[in-house]
S.K.: 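Supplied in structure tokens, the structure appears directly below.
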Amino acid sequence: MAEQFDVAVIGAGAAGMMAAAVAGQRGRRVVLIDHAEHLAEKIRISGGGRCNFTNLQASPANYLSDNPHFCRSALSRYTPRDFLDLIERHGVRWHEKHKGQLFCDDSAQQIIDLLVAECAAGGVAWRRPCRVGEVAQDEAGFSLETSLGRIEVASLVVATGGLSIPKIGATDFGFRLAKQFDLPLVPPRAALVPLTVAAADWAPFAELSGVSLEVEVSGGSGKRRGHFREDLLFTHRGLSGPAILQISSFWSPGEAITLNLAPDTDLAEALLAAKPGNKQQLQNALAQWLPRRLAEHWAAASGYAGRPLADMPDRALRELAQRLNAWQLVPAGSEGYRKAEVTAGGVDTRALDQKTMMAKAVPGLYFVGEVMDVTGWLGGYNFQWAWASAYSAGMAA
């Protein structure tokens with residue numbers, strides 16, 4: 001005998017638990033299904049274990065999509081203030097770091113516990129660990145063959161996320177289900193991810209692994225062009241840190257990114273002004289604006305390491321300054337899904353209703369969160385999309 005529910009939600013992460021809780025608290029009979037042994041691992045490890053659960057500045061401008069206006073409706077209906085009201089009702093203490101990023105004072109586990117409690121308030125039934133096999137549609141809704149038996153529902157909410165961090169359970173289930181129902185996909189790709197440089201090209205820089213500094217970074221093209229001021233981290237294989245994670249969402253293979261390593265200083269002007277009579281060696285002069293290891297590297301690369309600033313040709317100073325204020329490099333690739341915080345691309349939102357998240361051609365089938373082609377910036381924006389899209393679907397399913 002099949003179990004009967006009004007709504008099944010597949011995927012018990014941020015968006016899935018939120019959608020289940022909202023639908024359940026509307027009086028729907030909801031079952032929440034997840035294949036993982038451990039609940040909501042992506043929440044638990046986020047924000048260094050404190051969960052950057054939203055951003056006060058969240059607006060449509062902070063999201064990438066082939067259909068950029070799609071996210072407007074959901075973001076306006078469920079705002080960062082709405083989620084703050086929820087966590088404050090549960091007594092979760094929080095703080096703002098910078099640029100509107102909000103974190104738990106104590107632990108990301110508090111967000112998981114809150115969502116579980118909200119599901120309990122909605123009478124949500126849990127089936128986990130439970131794997132979903134065949135999904136079929138009929139006149140009454142959907143039939144799901146699972147490892148715990150058949151489940152029949154009127155509405156199905158897909159909250160299975162993307163391909164990021166497979167070691168904690170990420171799969172392509174949502175993409176496969178979309179294809180089954182002939183819904184278009186925007187090709188998925190790793191986003192918010194460190195970038196790598198070809199080993200031969202990076203060899204001179206590998207010794208800088210661990211060096212960090214604030215930079216300006218830009219990349220991408222046309223409407224999909226990004227510009228950020230964030231921290232950069234040199235690694236053995238390339239570049240990481242918030243600056244690189246941000247620009248990775250805009251970058252496409254073969255394109256260059258541009259880094260300003262001294263964003264507050266016109267280095268050509270500063271070096272030429274400091275030159276007359278200056279016996280300071282080039283690397284020591286550069287260390288006024290750059291971390292010392294980086295200053296020494298660029299001085300050596302210029303061929304003038306150890307030379308007094310006063311003895312350097314103006315042309316050489318201008319060329320060095322240009323490279324530092326606008327360093328262009330072409331990444332070979334990224335660290336991929338294993339280190340990507342999110343998956344860009346996914347279910348094409350042009351096939352979904354922006355107010356309900358339902359597939360226009362498949363009544364009763366909804367997609368929420370990362371599985372669809374809406375990708376937020378680094379800094380709590382993707383969690384806000386999870387809450388907002390889930391609220392919209394939970395109110396409609």
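Counting begins at 1 with the first residue of the sequence. It should be emphasised that the depicted structure is a prediction, and the values quoted were computed from it without experimental measurement.
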S.K.: Would D314 and K275 pass as an ion pair if we require N to O under 4.0 Å?
M.R.: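 Salt bridge flag = yes for K275 with D314.
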
S.K.: Could you point out which residue of L233, V193, I257, T235 forms a side chain to side chain contact (heavy atoms under 4.5 Å, CB included) with I244?
M.R.: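 Among L233, V193, I257, T235, the one meeting side chain to side chain contact (heavy atoms under 4.5 Å, CB included) with I244 is I257.
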
S.K.: Looking at H227, is its backbone amide N or carbonyl O close enough to the side chain of S218 to form a donor-acceptor pair, meaning the two atoms are under 3.5 Å apart?
M.R.: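 No; judged by distance alone, with no hydrogens or angles, the pair does not exist.
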
S.K.: How close do A344 and A191 get, heavy atom to heavy atom, and via which atoms?
M.R.: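 Scanning both residues, the minimum pair turns out to be CB-CB, 3.8 Å.
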
S.K.: Is it true that atom CZ of R237 has more than 12 heavy atoms of other residues, nucleotides or ligands lying nearer than 6.0 Å?
M.R.: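 At most 12 heavy atoms, drawn from other residues, nucleotides or ligands, come within 6.0 Å of this atom.
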
S.K.: Could you measure the distance from the OG atom of S389 to the CD atom of Q384? Nearest 0.5 Å is fine.
M.R.: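 Atom-to-atom, S389:OG and Q384:CD are 9.5 Å apart.
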
S.K.: Any chance the side chains of Q110 and H90 put a donor and an acceptor closer than 3.5 Å?
M.R.: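 No.
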
S.K.: What is the ring orientation for F228 with W377, classed by angle as parallel under 30°, tilted 30 to 60°, or perpendicular over 60°?
M.R.: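 Rings of F228 and W377: perpendicular, as their planes differ by over 60°.
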
S.K.: Look at atom CZ of R229 and say whether more than 12 heavy atoms of other residues, nucleotides or ligands are closer to it than 6.0 Å.
M.R.: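 Yes - once you tally the heavy atoms of other residues, nucleotides and ligands closer than 6.0 Å, there are more than 12.
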
S.K.: For Y391, does the OH atom have more than 12 heavy-atom neighbours from other residues, nucleotides or ligands under 6.0 Å away?
M.R.: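 Count not over threshold, so no.
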
S.K.: Under a 3.5 Å distance rule, please check whether Y63 uses its side chain to pair with a backbone N or O of A58 as donor and acceptor.
M.R.: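 A pair under 3.5 Å: no.
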
S.K.: Would you call K179 and L185 a side-chain contact if the rule is heavy atoms closer than 4.5 Å?
M.R.: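 SC-SC contact between K179 and L185 confirmed.
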
S.K.: I'd like a table of donor-acceptor pairs (distance under 3.5 Å, sequence neighbours excluded) in which one partner is a side-chain atom from residues 321-330, with atom names and distances.
M.R.:
residue	atom	partner	partner atom	Å
N325	OD1	L267	N	3.0
N325	ND2	N260	OD1	3.0
N325	ND2	A262	O	3.3
N325	ND2	T265	O	3.1
Q328	NE2	T258	OG1	3.1

S.K.: Can you tell me how far apart CG (L39) and CZ (R128) are? Round to the nearest 0.5 Å.
M.R.: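 Those atoms lie 4.5 Å apart.
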
S.K.: Aromatic rings H95 and F103: how do their planes relate, parallel, tilted or perpendicular, breaks at 30° and 60°?
M.R.: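 Answer is parallel, since the angle falls under 30°.
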
S.K.: Are R44 and E41 ion-paired here, with the side-chain N under 4.0 Å from a carboxylate O?
M.R.: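 Salt bridge between R44 and E41, a charged N being under 4.0 Å from a carboxylate O: yes.
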
S.K.: Would you call D85 and R81 a salt bridge, using N to O less than 4.0 angstrom?
M.R.: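 Result for this pair is yes, salt bridge flagged.
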
S.K.: Find the distance between CG (L195) and CH2 (W251) and round it off to the nearest 0.5 Å.
M.R.: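 Nearest 0.5 Å value for the CG-CH2 distance: 6.0 Å.
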
S.K.: Tell me whether the rings of F53 and W94 are parallel (<30°), tilted (30 to 60°) or perpendicular (>60°).
M.R.: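 If you compare the ring of F53 with that of W94, the planes turn out perpendicular.
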
S.K.: With a 6.0 Å cut-off (strictly less than), is the heavy-atom count around NE2 of H38, excluding the residue itself, greater than 12?
M.R.: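 Count not over threshold, so no.
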
S.K.: With side chain to side chain contact (heavy atoms under 4.5 Å, CB included) as the test, pick out the partner of R29 among V7, V153, D6, V124.
M.R.: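 Answer after filtering V7, V153, D6, V124: D6.
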
